[in-house]
2 protein chains.
Amino acid sequence: MAFNKRVKIKTILDESPIGSEVTLMGWVRTKRSNKNVSFIALNDGSIITNYQVVADPNVISEDILKNCATGACLKVTGKVVESMGAGQASELNATSIEILGKADPEKYPLQPKKHSLEFLREIAHLRIRTNTFGAVFRVRHALAFAVHKYFNDKGFFYIHTPIITASDAEGAGETFKVTTLDLKNPPLKEDGAIDYTEDFFERETNLTVSGQLEGELAALALSEIYTFGPTFRAENSNTARHLAEFWMIEPEMAFYDAEDNQDLAEDFLKYVIQYALDHCAEDLKFLDQRVAEEEKGKPQDQRSELGLLDKLKFVVENDFERLTYTEAIDILRNSKPNKKKKFAYLIDEWGADLQSEHERYLVEKHFKKPVILTDYPKEIKSFYMRQNEDGKTVAAMDILFPGIGEIVGGSQREERLDVLTQRMQEMNIPQDEMWWYLDTRRFGTTPHAGFGLGFERMVLFVTGMSNIRDVIAFPRTPGNAEF
Amino acid sequence: MAFNKRVKIKTILDESPIGSEVTLMGWVRTKRSNKNVSFIALNDGSIITNYQVVADPNVISEDILKNCATGACLKVTGKVVESMGAGQASELNATSIEILGKADPEKYPLQPKKHSLEFLREIAHLRIRTNTFGAVFRVRHALAFAVHKYFNDKGFFYIHTPIITASDAEGAGETFKVTTLDLKNPPLKEDGAIDYTEDFFERETNLTVSGQLEGELAALALSEIYTFGPTFRAENSNTARHLAEFWMIEPEMAFYDAEDNQDLAEDFLKYVIQYALDHCAEDLKFLDQRVAEEEKGKPQDQRSELGLLDKLKFVVENDFERLTYTEAIDILRNSKPNKKKKFAYLIDEWGADLQSEHERYLVEKHFKKPVILTDYPKEIKSFYMRQNEDGKTVAAMDILFPGIGEIVGGSQREERLDVLTQRMQEMNIPQDEMWWYLDTRRFGTTPHAGFGLGFERMVLFVTGMSNIRDVIAFPRTPGNAEF
């Protein structure tokens, strides 16, 4: 017999069907009682708002009411009536309450008081039940759906690129090994090296750092594709911006040059943020207030000029600033923090790699808006980026967001076989392992471009959270693979 | 300067803007020439249909036309005119053709002739450019989008469960190890065992076999969630139905019992298939013909009764047959192949695990429609499935599809802490490692359920392909991690 005869709290709040009898199911957030009545705030995760259940002790037994503690799961049937108090339009007069699952107030960790984000990270299996994390994960969902909807509406095809791979797109970056070998007694070759022909894939394999190269293969057949999948970095960086396992979105487009690529990336970012504004009003309002509270605790000069919602609207409504690396170097060289030697890395010469402090200066101090930096020196970028006419720079772009730094990295790809192979030779990238990548330049090559968006950085930006571990359900970081 | 000023072939076919000047970009599928005119069939991957470009040798130079060989990439500008021949409504009279990338006919492997699927698997980087694989990957995209749309429309939230994990949801199944240890000189403990505290996560980790357990955590906070991510099995099975890396969709729902779960799964499968029928008409028509051709090569008694499109419509339009394992055993015990000893595994007693041959008999011979088998003996199912009142069976369901076998496996989950922990004890599942899973039964537990759908099996079913390696771009199987 079907059990799921409830109405979601989101639905009842949207519709307020005064007079009708409904069944709600959800978890108790708080209970206030006096001898005449109990008020139970019920939440089912469908929306941040709790729904008020009114329980008359003449109708609902004392034993039941006693067990309606914070964290308990209830099935409540009753009549929707106009709400007496301020706030909500309606509330539920309970005619019956069933305790689906108790929560011992002595043991349940999520009692109604303020918990630190650090503490909640240790109980990541329960933190989803809090207002903050409920909001974060609903917004995360909306952003993920917006990504799929944006590309689908534009005629892009979603490609699942491999997670286990024998190649390494960046030519750098520490990777996780994937193996079924017995670590204690791995098979060895005559020269003492590990004999990977005995491994599951009969070769050395690792977790992917990017689906780009495979994405290009698909773009050079289907025109416009995107990936949205997990990627991995085995870097021992314990920062608020890095995860060992994170999700990336990587569109690749045949027939796009660097400018087309920039146009798409800007349009895409604005669409996704606007989608969240349109579909997550309650959650973003809550997170906006949360950020405002947090800001109050900061010294005056470190506070943001804009609140969360204002910041999101600002990004959607204004053009991103586009400038070349060369122009950026000029601005940075003549900037106050450079002249006053406030930068940890002073900008002296063209060719320097930009550090986070420089990116933040450009975005947060100089332009005060998202920035698309283009045409970087080829020496500091990957082999597959298209070389510009000047022989010095490549058609790369990084998109920098306030408070986040790099949110997108991309480029027009080098489609000319001779230029590509020469660059690979210069950078010691083995060409025989990449025969399939080079084949696309041998047969029917064409200008094409693409970019990668770190999904968690996008979620960070939109939710206003400050630690990337708080925007993915079960973060993977050095020393941490719990849950 | 933006390069992407083309019109997609899908758009021009939809709109046939007779008289307007347009630019197309795409790859040559075939070229037919006589001394008065060349006909170039151009494909850009946006749709299976090629668009006919008509090139007059008085307008387009001989040198250019020579290079418009199969596989070459072209930029063609011209005027859309009514088509003289049958088939398409319009064609393009080329005023200029630019060769974006050549394809040497001596070397390009995809010459216009029939290639075996086995051969195409070896050039998976190029096979996407064929009619068959273009269709497969467009349909795959549509199915993936339908999954997201279905759940989003219903208010489910997409959760990214971890890929690297220290737990093993099935309590079985071979897993891939994930490590950054030096395989040649791994750190050892005093007793000679590998010292995993030196590994990246400071413990032994592997690639996930299922996101279910983490999905349950989220469902018990947000009510209804789903996952859609890669999962892994390190099983050395070289079959047409198994991959080492595949994508799974796993919805988990608080407040659902076994029947609610079955209702959702059936509705979901029908929705996704109907979505493909509605959005992939050209591709499915092509694949339908492809399957029909393939069937012709089979002996009469092995041919399907229904063509691909008819089969898809049949599934959408008919109720799935629901019956218990116990009822199924009765049918099988009294079936002809059992009595005539045609089954490799004869069905003798209640409790036997069903083999593929039994599932196929039920689905393809007995009921001739999808079957939902429920209430299996607890001995052959996982620890987390809810025990029924009879003490012998659990509230499991498997959905079996013709030609595919098991496409969905799910259950109502055991929400009662005492029953769950007792079952874990019986099955030797360590409870201390699963403290977080048990916490959800300690605090605010509730009836809940969920299922897993192997996405590639769904793509197999809808495309009518017969080998699972042909429905994922770059398959991972024993000995194969190419591309």
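All values reported here derive from a predicted model rather than from experimental measurement. Note on naming: letters A, B, ... go to the chains in the order of the sequence lines (proteins, then strands), and numbering restarts at 1 for each one.
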message = With a 3.5 Å distance limit and no angle check, can you tell me whether R476(B) reaches the backbone of I164(A) through a side-chain donor-acceptor pair?
response =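 Yes, because the side chain of R476(B) sits within donor-acceptor range (under 3.5 Å) of the backbone of I164(A).
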task = Might you work through the side-chain hydrogen bond (donor to acceptor under 3.5 Å, both in side chains) test for R6(A) and S223(B), ending with a clear yes or no?
result = CA-CA 11 Å; R6(A) 64 161 179 150; S223(B) 285; 3.3 Å; yes
Report the option among [options] that has the most heavy-atom pairs separated by less than 4.5 Å from atoms of chain B.
| options | answer |
| --- | --- |
| L207(A), I159(A), L188(A) | L207(A) |
| A144(A), P447(A), G134(A), A72(A) | P447(A) |
| F133(A), W435(A), Y437(A), F232(A) | W435(A) |

For this output row, return yes or no: ring centroids of [X] and [Y] closer than 6.0 angstrom.
| X | Y | answer |
| --- | --- | --- |
| W247(B) | F228(A) | no |
| F145(A) | F156(B) | no |
| F200(B) | F176(A) | yes |

Side chain, backbone, both or neither: which part of [X] has a non-hydrogen atom closer than 4.5 Å to chain A?
| X | value |
| --- | --- |
| A69(B) | neither |
| T161(B) | backbone |
| P186(B) | side chain |
| P478(B) | both |
| L110(B) | neither |

query = Aromatic rings F455(B) and H160(A): how do their planes relate, parallel, tilted or perpendicular, breaks at 30° and 60°?
reply =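 Ring orientation of F455(B) relative to H160(A): perpendicular.
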query = By side-chain hydrogen bond (donor to acceptor under 3.5 Å, both in side chains), which residues pair with E456(B), not counting sequence neighbours?
reply =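 Expected list: R140(B).
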message = Could you check whether H148(A) and N152(B), counting side-chain N and O atoms only, form a donor-acceptor pair closer than 3.5 Å?
response =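 No pair is found: no donor N or O on one side chain lies under 3.5 Å from an acceptor on the other.
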Pairs satisfying salt bridge (Lys or Arg N to Asp or Glu O under 4.0 Å), at least one member in residues 196-206 of chain B, at least two apart =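 Qualifying pairs: E482(A)-R203(B).
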